[in-house]
Protein chains: 2
Amino acid sequence: MKTTTGDQALIKRMNTAIVLEAILQAEPLSRAKISEITGLNKATVSSLVQDLIDNQLVREIGTGVSSGGRKPVMLEFIATAGYAVGVDIGVNYLRGVLTDLRGAIIAEKKLPLQAPDADEVFNVLRPFIQTLMEKAPQSPFGIVGIGVGVPGLVDRAGSVLFAPNMGWRDVPLKEALSRTFGIPVMVDNEANVGALGERMFGIGRGISNMVYVSVGIGIGTGLILHRTLYKGASGFSGELGHLSVEAHGRPCRCGNRGCWELYASEQALLEQAEAAGYPRDLDELLEAAEAGDEQVLAMLRGIGEYLGVGISNIVNVFNPDAVVIGNRMSRAQPWLEEAVTQTVEQRALGFHLRGVHLLYAELGDRSAVMGAAELAIAAFFERLKSA
Amino acid sequence: MKTTTGDQALIKRMNTAIVLEAILQAEPLSRAKISEITGLNKATVSSLVQDLIDNQLVREIGTGVSSGGRKPVMLEFIATAGYAVGVDIGVNYLRGVLTDLRGAIIAEKKLPLQAPDADEVFNVLRPFIQTLMEKAPQSPFGIVGIGVGVPGLVDRAGSVLFAPNMGWRDVPLKEALSRTFGIPVMVDNEANVGALGERMFGIGRGISNMVYVSVGIGIGTGLILHRTLYKGASGFSGELGHLSVEAHGRPCRCGNRGCWELYASEQALLEQAEAAGYPRDLDELLEAAEAGDEQVLAMLRGIGEYLGVGISNIVNVFNPDAVVIGNRMSRAQPWLEEAVTQTVEQRALGFHLRGVHLLYAELGDRSAVMGAAELAIAAFFERLKSA
DNA sequence: ACAACTTTGTTTATCCAATAGACAAACAAA
DNA sequence: TTTGTTTGTCTATTGGATAAACAAAGTTGT
């Protein structure tokens, strides 16, 4: 491992990144304003901006209003300098978007999946992505990358180590896609990309430290700490769904006992419902709740309470600014919210003191695709910085 | 907040830090070797080393062995260029060390504490620190700082927000000490400094991601992620002792239910012992265990199992390279170890796969003081980098 | 309408850290 | 001795950032 030493090229890359960042955050912006914001000299800014313009990342969009002197030339980021593909692989569906570099959706596609067999999925996935890519207009950078979210454990190399609900084991997804398309591919866990999606384009915009709780069949979590996705020491973390909340509770297929997801997931609800003679179907249960079925409401409150138990633990551990509940169960918000909030308020240490916000996903079933696209976009910017 | 822009001074600071780091990690080292290791040009290294020598941080210690050419001039870090004070404030004791910049103990002091009243402690603390400081030989940088570990919640400003066992609330410890001594003061939680201590000087040397579990009256935790102490979003984290492991367990004074520390701390053991007619004293219980008292051994196994439950949760969340069990209960290692290991192996997801190590503190009751000193030393190096 | 002041963005000369390459000193081995 | 190697310094060059001067393009007060 070579230590990154400092030289002048590094300075230039750093400062270019700073300038670009400034424009992204508050466009349109003049050179003078950038100089003021960043503390860089006017001449430096001029020079760096020129480079950005030469690289087709920024353009002048005419003059702005003067405040008693020469009118400023306003600059903006060229969001259409390139495009990104985001894909959300579900157990029984495939969802994809083509976005520009600012995350605006250019094209969208959805497909039901039959057998989630790895080979089969790949055969469907390839033309699926291809079609999206073809929707992209001509642009300087073209398709900058493909981001993929998968409901399973993903390692640093982008291989799906284990996806129980898909029946996958050791599927080198990233490698396969890279080879097929010849452009950068990022693969990550569904909860992680969901977190990214809500953080960049949803309810979590601008929040520095956020925990995304993906409540579906199981419970997955995506941690955003200091504005970046946090991965554990060995790359795959976020297994908060398997935090034990009942030390001597039911055994879980993970080997542990009393895992949180056994008590607070969609599956937990469906099992309870079935035992009580209800259909094993979330939609029908939510309809019953809507109609005021007291038994269903009680079940939902129970789920909400257990959700709160786990969220309290998360709050105590990570001290996030916000917790976002997403994925399928977020649709039950009206009937969960009270129980969740109450439980967390009771249990989380100094909850009010910290000002943690309990939020619900804003992008609905698009959290993950959008996050997947963001994965590709972020990687593109990262490459810009280091070259 | 001003963005740190890049200029030549920044480069120089970065590269100087790289050179110093290289020397610290593998002294003694020649200029040529440093150039080779860091990738910096020989001339650059020469110049930077000269600066370090001028600043009394590095010195030449004669020539080394040649491998067929001019003999290299070996360089070493001047550990005695300054000294640091570390203090561990306990409920009924005060412990302090004076170390050089490499953490070698120059002087040590211990004092029993009567009433842990904040004012009183401060009155004892002042001369206590003063005495340690006077033991320091003359040096270019003098006493570079004072690090303090406290059994309580500490905010970013170094105020002790809440220390239940001391009966403290909102004690601006850092400010008070800063004013008294006029040198940099760092205050942090006991578990955090303990983690630092073991990481730098104990069993955790060189480990990048480590969780230190301080098992005393309560349970505190210090997280070291990516080689640095991790603090939650709002500065104080590490409340893993209050992770709920029994969702409907006993209410805890923190407001939550079934907190881990209710089942796995020294206090938990003492309560069980008392109920069974044993003396409420750890030493006597350990003696009984030593003598093979089956009832005591069973209690210790129970504690060990619960320790394992919590540690499994930690492993699942943070994926650390190692978990270190420290503080008073680490003395019970022989009777805890089996139960802990077994439980974690059963419960932590893919425990073996990850290669997590279960370790026990090496510095004994010195983990915290040494970490406190390290806090001051690290801050000194940090200041060097940014000025 | 005009002078005076402002703001914007470029140009110029200067500074400074890193670097390659030349070089001298110091040494081992043949 | 001779030859080749290693170490560390010296010199000229490169390339970014910067301050200061400046031109261009405004606004405002009288």
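Everything numeric here is computed off the predicted structure, so don't read it as measured data. Order of the sequence lines sets the chain letters (A, B, ...), proteins ahead of strands, with each chain counted from 1.
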Salt bridge (charged side-chain N to carboxylate O under 4.0 Å, His left out) pairs, two or more places apart, involving residues 47-64 of chain B |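 Residue pairs with at least one partner in residues 47-64 of chain B: B:Lys12-B:Asp51, B:Arg31-B:Glu60, B:Arg59-B:Glu76.
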
Pairs meeting criterion salt bridge (charged side-chain N to carboxylate O under 4.0 Å, His left out) with involvement of residues 178-189 of chain B, two or more places apart |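 For residues 178-189 of chain B, and leaving out neighbouring residues, the salt bridge (charged side-chain N to carboxylate O under 4.0 Å, His left out) pairs sorted by first residue read B:Glu175-B:Arg179, B:Asp188-B:Lys231.
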
Those residues that, when tested against A:Phe201, pass ring-ring contact (aromatic ring centres under 6.0 Å, His included) (two or more places apart) |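 A:Phe201 satisfies ring-ring contact (aromatic ring centres under 6.0 Å, His included) with no residue once adjacent residues are dropped.
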
Would you classify B:Ser46 as touching base, sugar-phosphate or nothing, given that sugar-phosphate means primed atoms plus P, OP1 and OP2, and contacts are heavy atoms under 4.0 Å?
->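 Here B:Ser46 touches the bases of the nucleic acid.
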
With a non-hydrogen cut-off below 4.0 angstrom, is A:Val45 in contact with a base, only sugar-phosphate, or nothing?
->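 A:Val45: no heavy atom of the nucleic acid under 4.0 Å.
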
To the nearest 0.5 Å, what is the distance between [atom1] ([X]) and [atom2] ([Y])?
X: A:Ile37; Y: A:Glu21; atom1: CD1; atom2: CD; value: 11.5 Å
X: B:Lys33; Y: B:Leu75; atom1: NZ; atom2: CG; value: 13.5 Å
X: B:Leu229; Y: B:Glu374; atom1: CG; atom2: CD; value: 9.5 Å
X: A:Thr228; Y: A:Leu223; atom1: OG1; atom2: CG; value: 11.0 Å
X: A:Leu57; Y: A:Thr16; atom1: CG; atom2: OG1; value: 10.5 Å

For the helix from C:dA1-D:dT30 to C:dA30-D:dT1, measure the angle between the helix axis at one end and the axis at the other, each built from five pairs, rounding to 10°.
->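 Taking five pairs per end, the axes differ by 0°.
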
Scan residues 23-30 of chain A against DNA chain C and write down, sorted by residue number, each residue with any heavy atom closer than 4.0 Å; if none is found, say none.
->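 Output list: A:Ser30.
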
Where does the angle between the aromatic ring planes of A:Phe318 and B:Phe318 fall among parallel (under 30°), tilted (30 to 60°) and perpendicular (over 60°)?
->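 Tilted: the ring planes of A:Phe318 and B:Phe318 meet at 30° to 60°.
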
Boundaries of the chain A footprint along DNA chain C (any atom under 4.0 Å from a heavy atom) | C:dT6 to C:dA18

Mind listing the residues from residues 53-65 of chain A sitting with a heavy atom below 4.0 Å of DNA chain D? Number order is fine.
->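 Going residue by residue through residues 53-65 of chain A, none turns out to have a heavy atom under 4.0 Å of DNA chain D.
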
Between B:Tyr83 and B:Phe380, ring centroids under 6.0 Å |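 Not close enough - the centres of the two rings lie 6.0 Å or further apart.
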
With sequence neighbours excluded, residues passing side-chain contact (heavy atoms from CB on, under 4.5 Å) with [X]:
X: B:Ala43; value: B:Asn41
X: B:Ala9; value: B:Asp7, B:Arg13
X: B:Arg227; value: B:Arg199, B:Ser208
X: B:Leu24; value: B:Leu20, B:Phe77, B:Phe381

Separation of atom NZ in A:Lys71 from atom P in D:dA23, rounded to whole Å = 23 Å

Indicate for each nucleotide in nucleotides 13-20 of chain D, in 5' to 3' sequence, whether protein heavy atoms under 4.0 Å reach the base (B), only the sugar-phosphate (S), or nothing (-).
-> -BBBSBB-

Counting only distance, no hydrogens or angles, is the base of D:dT7 paired donor-acceptor with the side chain of B:Arg70 under 3.5 Å?
-> yes

Close side-chain approach of A:Leu98 and A:Ile143, heavy atoms under 4.5 Å |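 They are in side-chain contact.
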
